[in-house]
Structure formats: C-alpha cells, structure tokens
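Keep in mind it's a predicted model, so treat the numbers as computed, not measured. Below, chain A is the first sequence line, B the second, and so on; all start at residue 1.
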Protein chains: 2
Amino acid sequence: MHGQTVEVIAQRILTGQFAEGSTLDITALQTEFDVSLTVLREALKVLAAKGMVDARPKRGTFVRPRADWSLLDGDVLRWQFARSAQPSLFEDLHELRGIVEPGAASLAAVRASEADVAALDAALAAMAAAGTDASAAVAADLAFHRALLAATHNELLVRMEVVIETGLAERDRMVHGALGTDDPVPSHRAVVDAIRARDPGAAASAMRLLLKKAFDDVARIGS
Amino acid sequence: MHGQTVEVIAQRILTGQFAEGSTLDITALQTEFDVSLTVLREALKVLAAKGMVDARPKRGTFVRPRADWSLLDGDVLRWQFARSAQPSLFEDLHELRGIVEPGAASLAAVRASEADVAALDAALAAMAAAGTDASAAVAADLAFHRALLAATHNELLVRMEVVIETGLAERDRMVHGALGTDDPVPSHRAVVDAIRARDPGAAASAMRLLLKKAFDDVARIGS
DNA sequence: CTGTCAAGATATCTTCGTAATTAATGGTTA
DNA sequence: TAACCATTAATTACGAAGATATCTTGACAG
C-alpha cells in the first residue's frame, strides 16, 4: 500500500513546507512518489476528509487554512508529532487534558458502574505490577485513563481518548523510559477512591493533582 | 461530485443500518447509486479516514467497531444529527460543553489579549443587536463561543468549536426559532466581565451558569 | 484417525491509463 | 458597460489489468 504517501504529504502541510493556500503540483507529486494519479488522488481524499486540502476544478488542489484542519483527529495528532517534537502542541495537549480529565473524573464519580470501577482497579493493579517495565507502565497508564473516560458513559468524552493517548505516547517518548521519581500508583488510586466514594469534587481534585505531577515530571526530565 | 454518496453510506452506518463488523456489498452499492467503482471507492476512503470502515484484500470492506469512529469530527457529528435527532448524543454534547467551556473561560481569563476581549465585546454587541432575529442571534452566539475558545490561545481547544457549533445548530433546530424566555446578553456579559477582570474562577462560574440556562431553555421548550 | 503444514486457487482490494466533466478565463458582441 | 460564448486547464470518472491476503485442498506426520 502507498499509505506513506498520505503521511508524507500530510507532514509537509503540517510543517508548513506546503503553505496554507498554496496549490499542490499534482504532476510533480506523482513523479516524485512514482505513483499513479489514482493513488495520489485517494491520498488527497483522505487529507480532504480531515479538512487539510480542498480541490476545485480549474483552480487546482490547495491547502486549506490551518483553522480548518481536524487537529483533534488521531492521525493528524500523530503526524504532527511524528517528524519533530512540537513543545507548544504538547503544552496545548496537556492543557486540554487538564480541563477534560478532571471533568471526566467528576462525572465518573456520579455515573461509574461496578464494572467501570473494576476496570479502574484492574488498571491500577497493572500499574503496580508493571514496576520498572516502562512499556507496561505506559500501557497501564493508558488503560487507566481510558477506563476513566469510559466510566463517564459519555460517548464524546470517550473519544477524547485519542488526545490522551497521543499525549501519553509523546510524554513517553520525551522522558524516554525514565520513570517518574515517585510511585504513580497512589495518585491514581486517589482518583479511584474518590470515584468509589461517589465524591465528584474529590475526584476532580485528585485528577488535577495527578496531572500536575505527571507534567512536572516531564518538565523536570525534559529540561 | 457525488458527495451525497458519502453522506448516505455514512448515515446508514451511523444509524446501524450497516451494522458494526458487517461487510459492505460493493457491487450492490455501485448499482444502487449508479456510480463507478472509483467514485464509490473514494467515498469509502473518506469514511476510512474517519475510522468508520476498513478494507482488506479478500475479506472485503467492513464497518469498523463504533469505538473507532471519529465522533469528534465535524462531518460525523453533522451526519449523526442529519437524519434524526438523537437525544442522548445531544446530552453528551452538552455535557462535554459543560466541561470544556468553563475550563476555556477560566483559561481565557488568564490569557486573553485586548483583541480577544474586543472580539468578545463585538459578539456581545451583535447579540444585543440581533433582537428577535433568530438567525442573527444564533450567529452571534456562535461568534461568542468561538471568540472565547480563541481567547485561550490553545489550538486544540479552538478546534473544539466543531462540537460547540454542532451543539448550537442542533439546539437551534430543536427550539425552532423560539427564543429563550429571557435576554441572553447578561449571562454572556458576565463571562466577558470576569475575563476582563482576569478572574478565572468567576469566568468558569459565569460560563457554567450560562450553559445551565441554555440547556434549561431547550429542556423547557423541547418538552 | 487426527492434527499440522504447505502450496495453489480465488475473491477482493488496489492500481493504472484514458476519456469525460467542470468551472474559471478572455475575447466578442449588443 | 454588461451579457454571452468559446477556450482551456484542472478535477472527476471510467473500465480493465494487477497485486495480495485469505481460504481451500491435499498430503504428511504423529
């Protein structure tokens, strides 16, 4: 498959190599990637679906303004980080988590079912069991935040997991396996305890504390 | 363009007419819409970009599990509401706004520039000028919430406008031009005042109040 | 007799080169 | 000046050939 064609063009747009408003030279891209028009066309169709390009007869295929790009799309987020780390985007991402996740925790405290709490407990256990295995720790962390969003029983909130997922992946890449100074389990357990106690305010507070710790870790190690 | 082909197939998937995991009969769709394979293929490529379908050689093109759909995508949101109003999704949407917008207001209180505040004031003025013109009122409302997100200077938060936009459009459709009982300007002005005063907590509270009022209006009129 | 494995057949997606359609452009005429 | 029509550059659509992963079949070993 020529799946990499999409990715390369996307990254050129995201990095500004293909500026907003500029028209793409289809023929040049065709010869560069050595693919048929159909292949290129389908790649551009994917980017069009994500609001990054638009095609009009006689005017050509051009890059849409950045304001129209689906930055909340999982693919777009990954493409952004794939080439080079973008500190500002990472900060935006963490900031969004800082808003969404405490709210989600609060909601989960009201809505969580027994099964939801069990899933959170399981993620907690996996986190404890991970120990020094960085990859397992990241997986458990992701499972925890996924379970939290699922516990809100709000489909749109659940889809925010693409943002959290990318944030965790990027954080993991930045700290490069270097674990946080202190055990992550207690801060996570505090969230679960608050949810089990059906205390929305406490759940939100615990989650804010958790996120602050996580971000401080990155700032310390990354600097 | 056969843009409607995408929309029809998308809606069939979203409504469950094409169940998760089921494989699509390409030939049947081709004859039904009377389009070539290429056209159908590009339509499916768009849906694939939004995580709704996947194609594998020999296995066919099948509907991906609902958990993979990009529900935060503007097109997907519109398609969901296009056919029939989905109360639960509307509630989810409002709930998400209830989490994101107070947080955004709080952030805006810290970050907003003079220009941002001016934009909020302009939206406020437009809202006052709209009077009984429902369409102008909706436009001003949208402009206000857009300006608020922009004032956070967080690109990802700004992109949440697709969610807010859909929410407002659907609310407008539900109340069908029937304006809220009381003037919307004061509640909105309270948010701007708090931002101008650089008071994050007050901004968040004012926004929560605003959203509660808006939702109550819908609940009252919609019932 | 049963389970495992490998090689071939096949259904489906994928790609190609060419023809048709579209809309912006520039010149012409009333 | 304004409306209209031919030109033309680009997207859009087509039908057929190519590639690929899956399924089937058969043989072999346990």
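Among D:dC14, C:dT15, C:dT18, the nucleotide with an atom closest to any side-chain atom of B:Arg41 is C:dT15. For B:Ile26, the side-chain atoms get nearest to C:dC13 when compared with the rest of D:dC14, C:dC13, D:dT11.
In this model, the phosphate group of C:dC16 is approached by a side-chain N or O of A:Ser36 to a distance below 4.0 Å at OP1 or OP2. When the side-chain nitrogen and oxygen atoms of A:Thr61 are compared with OP1 and OP2 of D:dA10, none of them lie within a distance under 4.0 Å.
Side-chain atoms of B:His145 and B:Glu161 form no donor-acceptor pair, as typed in the model, at a separation below 3.5 Å. Residues A:Asp92 and B:His153 bring no donor and acceptor atom of their side chains to less than 3.5 Å of each other.
You'll find the side chain of A:Ser135 stays beyond 4.5 Å of the side chain of A:Asp172, heavy atoms only. Put simply, the side chain of B:Lys50 reaches to within 4.5 Å of the side chain of B:Asp75, judged on heavy atoms.
Residue B:Asp34 contributes atom CG, which lies 13 Å from atom P of D:dA13 at whole-angstrom precision. Rounded to whole angstrom, the span from the CD atom of B:Glu42 across to the C1' atom of D:dG15 amounts to 15 Å. As a whole-Å value, the separation of B:Lys45 NZ from D:dA13 P is 16 Å. Rounding to whole angstrom units, CG of residue A:Leu37 and C1' of D:dT12 are separated by 9 Å. The distance from atom CG of B:Leu40 to atom C1' of C:dT15 is 16 Å, rounded to the nearest whole Å. Atom CZ of B:Phe62 is separated from atom C1' of C:dT12 by 12 Å (rounded to the nearest Å). One atom, CG of B:Leu44, and another, P of D:dA13, lie 14 Å apart when rounded to the nearest Å.
Between A:His188 and A:Phe144, the angle of the ring planes goes over 60°, which puts this pair in the perpendicular group of the 30/60° scheme. Using cut-offs of 30° and 60° on the angle between ring planes, the pair B:Phe90 and B:Phe81 is perpendicular.
Heavy-atom neighbours of B:Arg64 CZ from other residues, nucleotides or ligands within 6.0 Å: above the threshold of 12.
A heavy-atom distance below 4.0 Å to DNA chain C is reached by these residues of residues 50-58 of chain A, ordered by number: A:Pro57, A:Lys58.
Projected onto DNA chain D by closest heavy-atom contact, A:Arg59 and B:Val35 fall at different nucleotides, the more 5' of which corresponds to A:Arg59.
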